[in-house]
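As structure tokens, the structure follows; a few thoughts come after it.
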Number of protein chains: 2
Amino acid sequence: MALTIRDVADAAGVSAATVSRALRGLSNVEPATRDRIVAIAREMNFSVSPAASRLATGRTGTIGIVTPFVDSWYFSQIFAGVEEVLKPFDVDLLLHTTQPRDPSGLPGAHVRMRRRVDGALVIGLAADSDELTAMSAMDMPVVLLGSRSPGMASVSIDDRLGARIAVSHLAELGHERIALISGRRLPAVFLPENDRLAGYLDVLSARQLPADKSLREIGLFTAPGGEHAMDALLSRRRPPTAVFCMSDEMAYGALRAIARAGLAVGGNKAAGEIAVIGFDNHDLSGLFDLSTVGQPVRELGRSAAQLLMSHVVGSPTTEVRIVPTDLHVRGSTTP
Amino acid sequence: MALTIRDVADAAGVSAATVSRALRGLSNVEPATRDRIVAIAREMNFSVSPAASRLATGRTGTIGIVTPFVDSWYFSQIFAGVEEVLKPFDVDLLLHTTQPRDPSGLPGAHVRMRRRVDGALVIGLAADSDELTAMSAMDMPVVLLGSRSPGMASVSIDDRLGARIAVSHLAELGHERIALISGRRLPAVFLPENDRLAGYLDVLSARQLPADKSLREIGLFTAPGGEHAMDALLSRRRPPTAVFCMSDEMAYGALRAIARAGLAVGGNKAAGEIAVIGFDNHDLSGLFDLSTVGQPVRELGRSAAQLLMSHVVGSPTTEVRIVPTDLHVRGSTTP
DNA sequence: CTGTTAGCGCGTTCAT
DNA sequence: ATGAACGCGCTAACAG
């Protein structure tokens with residue numbers, strides 16, 4: 001049906017091996033014949049069969065991306081960074097989303113990636129995940145993104161430090177009742193959010209502030225979730241005067257809840273304003289005038305992709321890269 | 001290095017052919033031996049080589065996704081819908097982003113997809129795109145998403161109708177100077193946005209309203225772009241009293257610009273409120289209290305994926321599916 | 001520099 | 001129901 005390298009060879013009057021060499025740009029081919037072969041091949045509209053090529057070489061020319069979610073701002077930014085770096089390498093991108101809550105017999109990441117990628121980028125999987133251990137159990141080069149695991153290469157921010165920065169900023173404003181809106185229920189070891197909780201507690205204890213558990217709510221990493229969480233916090237006997245949200249999108253919801261309650265947002269504690277800070281520096285946070293601890297998500301993607309490629313084409317690595325975060329002070333914490 | 005089907009055959013005391021049949025669940029295999037083989041295979045932790053399998057069968061078991069952008073809410077929602085449908089089919093997902101403005105010798109979508117997918121979902125490519133024509137020139141099954149092209153299967157909304165709904169809604173409020181913030185410069189045939197422009201003009205002409213070109217601005221489909229565009233519109237000698245934005249994110253920016261100008265947003269024209277309506281029903285539009293024409297993005301992804309699969313495993317189709325939009329009236333247009 | 005030979009690991013005839 | 005043999009299209013190793 002489709003053309004084979006053999007057809008091109010016949011048309012060019014050379015052997016199949018020479019065509020293969022010419023098409024791959026190997027050096028041991030007379031430039032003249034190489035050009036001729038390439039010309040003929042494209043004239044015939046020929047392209048090699050990746051399957052055959054993979055079978056013969058053992059290399060797949062494919063990089064896998066494993067992620068638990070794809071419908072989030074975070075992922076889309078990560079992916080944009082990854083794409084940017086991987087583009088020049090001319091590799092295929094195999095995408096797989098793990099469904100956390102659905103062990104319904106569908107194959108997991110490790111089996112979906114197995115034998116079909118030269119390496120994989122694993123986003124946001126807990127370090128104790130079965131899929132992760134299975135992947136590293138095979139020889140597959142893996143780079144973790146957003147989490148860390150002993151003996152594995154990874155790129156992430158310092159979540160604990162980031163949280164400290166955020167909460168310190170609130171404390172500097174004079175706040176003592178600082179609430180926390182987290183994504184999932186914490187503490188849960190192996191999750192990055194747990195580090196953020198630790199950072200939050202670090203600041204409270206360093207400043208001798210009460211670690212009031214009634215000041216913690218879950219926001220599911222969504223705006224409606226954040227809104228709901230803030231509603232709950234505001235209904236406490238002694239509501240918080242400031243709140244740290246583990247994601248900007250939850251903070252958007254919190255802002256809304258505060259406004260609905262007829263309260264003001266801002267950094268002027270004396271005037272009764274509630275200070276709000278988020279985490280991510282989401283694209284829209286400028287619009288919401290939301291203070292936040294920014295993580296360079298796109299850069300995380302770039303860095304992880306680079307690390308993975310150097311692992312795949314070069315030598316194995318267990319490098320752990322920590323990318324710095326930065327504080328963006330906006331209206332939601334400005335006096 | 002890796003195990004082959006042969007190793008399993010030896011361990012089970014059968015031939016490689018039988019193992020192949022057993023592992024694929026073909027009927028012509030004694031149930032007892034089939035179970036034994038499967039048990040042994042998983043005990044050896046064996047998995048077949050996709051490359052060899054593809055070479056032998058000619059099928060790739062892979063679906064391609066071609067898209068010009070990946071860092072957008074639209075894409076992430078589309079993808080979530082696609083994923084949902086494709087998951088049970090157990091196919092690989094090959095992702096390729098076309099870079100519109102970068103013909104720098106890097107291979108285009110058609111060559112990246114060639115010989116490696118059984119079919120492709122093409123998102124947001126103009127119908128006159130070289131890559132698109134190239135893909136359909138090969139035998140590759142293609143389903144378009146968000147655009148249409150003669151003779152090709154596609155899933156999209158009725159952009160013209162959607163725009164009419166939005167602009168009619170503004171006109172009903174009594175507005176006569178209705179501005180338009182588009183993503184890219186229009187008119188540009190083959191782009192869905194062009195249909196939205198047409199819908200906008202439809203309403204103006206039906207109601208004998210002036211089609212003032214100074215009331216059209218470009219917003220790049222981003223919030224900052226929308227903000228900038230609205231700034232420009234407000235600085236006109238005779239500024240608009242209402243605005244239709246081709247995306248919600250641009251509308252967010254517009255809301256901000258209006259607020260900064262000290263003007264009010266809403267549906268009460270008599271009170272001098274500026275009416276704003278967007279397009280998409282983005283997740284955050286409820287928070288912004290933004291009226292909008294919603295498109296069921298996730299559903300678009302699902303529908304397109306279904307269509308593609310029926311094309312790939314079943315018979316070729318050129319079905320054109322139009323998914324309805326719906327009007328969401330919120331505070332930005334409520335009197 | 002080029003051609004010949006021999007797999008890569010499966011799926012698929014054909015027999016039996 | 002099972003096995004033997006061949007071929008899928010390409011690359012690698014060895015000659016020359």
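Lettering follows sequence order; numbering is per chain, from 1.
- For the atom pair OG1 of A/Thr62 and CG of B/Leu94, the computed distance is 7.0 Å after rounding to the nearest 0.5 Å.
- Contact annotation: B/Arg24 does not reach the phosphate of C/dC10 (side-chain N/O to OP1 or OP2, under 4.0 Å).
- C/dC1 atom P lies 13 Å from atom CG of A/Asp35, rounded to whole Å.
- In this structure a side-chain-to-backbone donor-acceptor pair under 3.5 Å is present from A/Arg24 to A/Ser20.
- Contacts of B/Arg54 with the nucleic acid, taken as non-hydrogen atoms under 4.0 Å apart, are absent.
- Proximity of A/Ser20 to the phosphate of D/dT11: a side-chain N or O atom is located under 4.0 Å from OP1 or OP2.
- For the pair A/Ser72 (side chain) and A/Phe75 (backbone), a donor-acceptor distance under 3.5 Å is present.
- In this structure, A/Ile5 atom CD1 and D/dG7 atom C1' are separated by 17 Å, rounded to whole Å.
- Distance from the side chain of A/Ser53 is smallest for D/dT11 among the nucleotides D/dA4, D/dT11, D/dA12.
- Nearest to the side chain of B/Glu30, among D/dC10, C/dG3, D/dT2, sits D/dT2.
- For A/Met44 and D/dG9, the CE to P distance is 13 Å, given to the nearest whole Å.
- Checked against C/dC10, C/dT4, D/dG9, the side chain of B/Phe46 finds its nearest nucleotide in C/dC10.
- Comparing D/dG7, D/dG3, C/dT2 against the side chain of B/Ala56 picks out D/dG7 as the nearest.
- For A/Thr57, the listed nucleotide lying nearest its side chain is D/dA12; candidates were D/dA12, C/dC10, D/dG3.
- To the nearest angstrom, C1' of D/dG3 lies 13 Å from CG of B/Asp10.
- The closest donor-acceptor contact from the side chain of A/Ser149 to the backbone of A/Met152 lies at 3.5 Å or more, if one exists at all.
- For A/Asn28, counting side-chain heavy atoms from C-beta on, the closest listed nucleotide (D/dG3, D/dG7, C/dT2) is C/dT2.
- Considering only the side chain of A/Thr18, C/dT2 comes nearest among C/dT2, D/dG7, D/dA1.
- The interatomic distance linking A/Leu55 (CG) with D/dG9 (C1') rounds to 9 Å, in whole Å.
- Residue A/Arg21 places its side chain closer to D/dA13 than to any other of C/dT12, D/dA13, D/dC10.
- For A/Asp130, the CG atom sits in a loose shell: 12 or fewer heavy atoms of surrounding residues, nucleotides or ligands are nearer than 6.0 Å.
- At a threshold of 4.0 angstrom between heavy atoms, the contacts of A/Arg59 are confined to the sugar-phosphate backbone, with no base atom among them.
- Within the 3.5 Å criterion, the main-chain N or O of A/Gly61 finds a donor-acceptor partner in the side chain of A/Asp118.
- Taking for each of A/Ala2 and A/Leu26 the nucleotide of DNA chain D with the nearest heavy atom, the 5'-most of the two is the partner of A/Ala2.
- The distance from atom CZ of A/Arg36 to atom P of C/dC1 is 15 Å, rounded to the nearest whole Å.
- As a whole-Å value, the separation of A/Arg6 CZ from C/dT4 C1' is 10 Å.
- Regarding contacts with the backbone of D/dC10, every side-chain N or O of A/Ser49 stays at 4.0 angstrom or more from both OP1 and OP2.
- Checking the phosphate oxygens (OP1, OP2) of D/dG3, a side-chain nitrogen or oxygen of B/Ser15 falls inside 4.0 Å.
- Residue A/Arg115 is classed as a sugar-phosphate contact, given heavy-atom separations below 4.0 Å to backbone atoms only.
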